[in-house]
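To start, the structure under review is shown below, and the notes come after it.
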Protein chains: 2
Amino acid sequence: MTTPMLTKNQSLVFDVLTKAEGPLSAYTILDKLRDHGFRAPLQVYRALDKLLEYGVVHRLESINSFVVCAHPNEDCHSHGLVAFAICESCGQVIEFHDHEVDHRLMDWLKSQKFKAEKSTIEIRGHCAGCAA
Amino acid sequence: MTTPMLTKNQSLVFDVLTKAEGPLSAYTILDKLRDHGFRAPLQVYRALDKLLEYGVVHRLESINSFVVCAHPNEDCHSHGLVAFAICESCGQVIEFHDHEVDHRLMDWLKSQKFKAEKSTIEIRGHCAGCAA
DNA sequence: ATCAATTGCGTTATGCTATAACGTGTGCGA
DNA sequence: TCGCACACGTTATAGCATAACGCAATTGAT
């Protein structure tokens, strides 16, 4: 999917996420955008839906938050499964991809005749800096 | 971890989940237990916390639901990462484990000096029966 | 040109998910 | 018997997400 021009709201949400150090919840984004006229959660969620669809933002299911894709120039929908390591101390997220894991999971799913559509791989723990 | 005797509430919640065809949300469990005296969400969540701790129940982050472990006689905490295939049509869940995926992810995390604590691997899509 | 369909937007209201904070009772070991 | 840990019950609240309405702008086919 090629990313179309972002609308005003989409840009605002995307900018907030880009400037953030780590993942943000929808309501945190909302608060950061009140000065720009945002009043309701739906304004955020609608923008996020599109950004997710375009593949420029990821949703972290285990912490109900959103983060910009770490591979700005590629299409995240194309490079298979995405995995995240989420630090529970500092909140930082490391995004990575592994074709082996990818294949292995896909093979298994195929053996079960399961048609995969969306995937979530999230590891929570402590990053190098925080584990000390 | 060996699973201690379950308390009354824990048993009730566990039974409901065991009899269910698929994953249930905490509030669905609550509704099913109103006849048994349950009145508040906390009664469910507290029981679930323990059942999760004992490893006899899994939490599905991507659908905010809970399901009994598919391997009643083993200790789910011991056989590494757990992955789930969740059918978005019928709601059924297939639980599986793969040491290769396991190792691969762990190696990567190790290379990043990331200390993993909890993991979530969930694939949503359509099962063999529903994909038709 | 016009009409219909689509898309984005704003607002209000609501529903679902999860936990905080308080108090009670019970069992058990020091 | 005192203190502690644990399960439990209740009320209240916090946090996450969407339904349903209406309006405006855009597009594109007739």
Side-chain angles (χ1 to χ4, degrees), chain A residues 1-17 20 22-54 56-67 86 88 91 118 120 122 124, chain B residues 1-17 20 22-54 56-67 86 88 91 118 120 122 124:
Chain A
M1 171 177 313
T2 96
T3 305
M5 213 56 188
L6 297 184
T7 67
K8 180 154 168 285
N9 284 4
Q10 288 159 21
S11 294
L12 286 168
V13 169
F14 184 72
D15 284 351
V16 165
L17 277 175
L24 300 178
S25 76
Y27 277 70
T28 302
I29 296 171
L30 173 57
D31 285 339
K32 288 180 183 293
L33 287 175
R34 290 204 187 273
D35 293 343
H36 291 79
F38 274 47
R39 317 287 315 268
L42 260 195
Q43 294 174 283
V44 177
Y45 282 110
R46 289 206 270 235
L48 284 172
D49 282 346
K50 285 298 178 185
L51 296 172
L52 289 169
E53 184 185 326
Y54 303 153
V56 297
V57 161
H58 296 293
R59 177 197 190 96
L60 301 176
E61 309 274 4
S62 64
I63 55 174
N64 295 318
S65 294
F66 304 85
V67 71
I86 306 169
E88 294 188 319
K118 305 174 200 165
T120 299
E122 298 173 18
R124 290 171 308 295
Chain B
M1 171 178 314
T2 95
T3 305
M5 213 56 189
L6 297 184
T7 67
K8 180 153 168 284
N9 284 4
Q10 287 161 19
S11 294
L12 286 168
V13 169
F14 184 72
D15 284 351
V16 165
L17 276 176
L24 300 178
S25 77
Y27 279 73
T28 302
I29 296 170
L30 174 57
D31 286 338
K32 287 181 184 292
L33 287 175
R34 290 204 188 272
D35 292 343
H36 292 78
F38 273 48
R39 317 286 315 268
L42 259 195
Q43 295 175 284
V44 177
Y45 282 111
R46 286 206 271 234
L48 284 173
D49 281 347
K50 285 300 177 182
L51 297 172
L52 289 169
E53 185 184 326
Y54 303 153
V56 297
V57 162
H58 296 293
R59 175 196 191 96
L60 301 177
E61 309 273 5
S62 65
I63 56 173
N64 294 318
S65 295
F66 304 84
V67 71
I86 306 169
E88 293 187 321
K118 304 175 202 165
T120 299
E122 298 173 17
R124 291 171 308 295

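Each chain gets a letter, A, B and so on, in the order the sequences are listed, and its residues count up from 1.
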The criterion is salt bridge (Lys or Arg N to Asp or Glu O under 4.0 Å); which residues satisfy it with [X], sequence neighbours excluded?
X	result
K50(B)	E53(B)
E61(A)	R59(A), R124(B)
D31(A)	R34(A)
D15(B)	none

Side chains of [X] and [Y]: does their closest heavy-atom pair fall under 4.5 Å?
X	Y	value
L60(B)	F66(B)	no
L48(A)	V44(A)	yes
Y54(A)	L6(A)	yes
L24(A)	L17(A)	yes

Over all atoms of both residues, closest heavy-atom pair of V67(B) and G22(B): CG2-C, 4.5 Å
Minimal non-hydrogen separation, S65(A) against P23(A), with atom names: CB-CB, 3.8 Å
First and last nucleotide of DNA chain D, 5' to 3', lying under 4.0 Å from heavy atoms of chain B: dA7(D) to dT11(D)
Between the first and last five pairs of the helix from dA1(C)-dT30(D) to dA30(C)-dT1(D), the angle of the axes, rounded to 10 degrees: 20°
Nucleotides bounding contact with chain A, strand DNA chain C, heavy-atom threshold 4.0 Å: dG8(C) to dT12(C)
Could you tell me the separation between the [atom1] atom of [X] and the [atom2] atom of [Y], rounded to the nearest 0.5 Å?
X	Y	atom1	atom2	value
I63(B)	I86(B)	CD1	CD1	4.5 Å
N9(B)	F14(B)	CG	CZ	15.0 Å
N64(B)	T28(B)	CG	OG1	11.0 Å

N/O donor to acceptor pairs below 3.5 angstrom from side-chain atoms of residues 36-43 of chain B, sequence neighbours left out:
unit_1: Q43(B); atom_1: OE1; unit_2: R39(B); atom_2: N; d: 2.6
unit_1: Q43(B); atom_1: OE1; unit_2: A40(B); atom_2: N; d: 2.9

Close approaches to DNA chain C from residues 40-47 of chain A, in residue order (heavy atom, under 4.0 Å): A40(A), L42(A), Q43(A), R46(A)
Heavy-atom donor-acceptor pair, E122(B) side chain to S62(B) backbone, under 3.5 Å: yes
Residue pair R46(A), Q10(A): steps toward the side chain to side chain contact (heavy atoms under 4.5 Å, CB included) verdict: CA-CA 8 Å; R46(A) 289 206 270 235; Q10(A) 288 159 21; over 6 Å; no
Which residues share a side-chain hydrogen bond (donor to acceptor under 3.5 Å, both in side chains) with S11(A), sequence neighbours left out: none
Those residues of residues 8-17 of chain B lying under 4.0 Å from DNA chain D by at least one heavy atom: K8(B), N9(B)
Proximity to DNA chain D (any heavy atom under 4.0 Å), residues of residues 30-38 of chain B only: none
